[in-house]
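Reading through the structure tokens given below for one structure.
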Amino acid sequence: MLATDAAVWLELDERGTPTRLVWRGIPYRVSDQPTVLEIELPILTHPPAIDGWRFQATDDSGDSRVFDVIRIDGRAEWRLVQTYV
């Protein structure tokens, strides 16, 4: 597991589901069914709206990883928070 906070580019289909991701300049295609990432936050008076996904994606060399990505408060930028090899 690698915890990080890196910006990534995420392509979504017409339903808003991830189909491709670019991380560290490497394109990955989503290779399984993405699931909504359940995000637990400490009790806050006004918690931010967070979109999140967990999915497996594979690059052109066959390297597959599981990615956890989030977007906070509807911003355009997606953040990679964890990846698993």
Inset, instruction - Would you kindly say whether D59 and S61 are connected by a side-chain donor-acceptor distance under 3.5 Å? - result: yes
Inset, instruction - Treat each ILVMFWY residue as a node, draw an edge where side-chain heavy atoms are under 4.5 Å apart, and state whether V8 and V36 are in one component. - result: yes
Legend entry - Residue of the set D68, T35, D32 for which side chain to side chain donor-acceptor pair (under 3.5 Å) holds with R54: D68
Inset, instruction - Indicate, with yes or no, if L12 and V69 share a hydrophobic cluster defined by side-chain heavy-atom contacts under 4.5 Å among Ile, Leu, Val, Met, Phe, Trp and Tyr. - result: yes
Legend entry - Cluster overlap I26 with W78, hydrophobic side-chain contacts below 4.5 Å: yes
Legend entry - Qualifying side chain to side chain donor-acceptor pair (under 3.5 Å) pairs with a residue from residues 16-29, counting only residues at least two apart or across chains: E11-T19
Inset, instruction - Might you point out which heavy atoms bring R71 and E77 nearest each other, and give the distance in Å? - result: CG-O, 3.6 Å
Inset, instruction - Report yes if the side chains of W53 and V30 come closer than 4.5 Å at any heavy-atom pair, otherwise no. - result: no
Inset, instruction - Taking all heavy atoms of P34 and all of P18, pick out the closest pair and write down the distance. - result: CG-O, 3.7 Å
Legend entry - From I70 atom CD1 to Q82 atom CD, the distance as rounded to the nearest 0.5 Å: 10.5 Å
Legend entry - F55 and F67, any side-chain heavy atoms less than 4.5 Å apart: yes
Legend entry - Distance, nearest 0.5 Å, that separates CG of L21 from OG1 of T58: 11.5 Å
Legend entry - Shared hydrophobic cluster for V22 and L80 (ILVMFWY, side-chain gaps under 4.5 Å): no
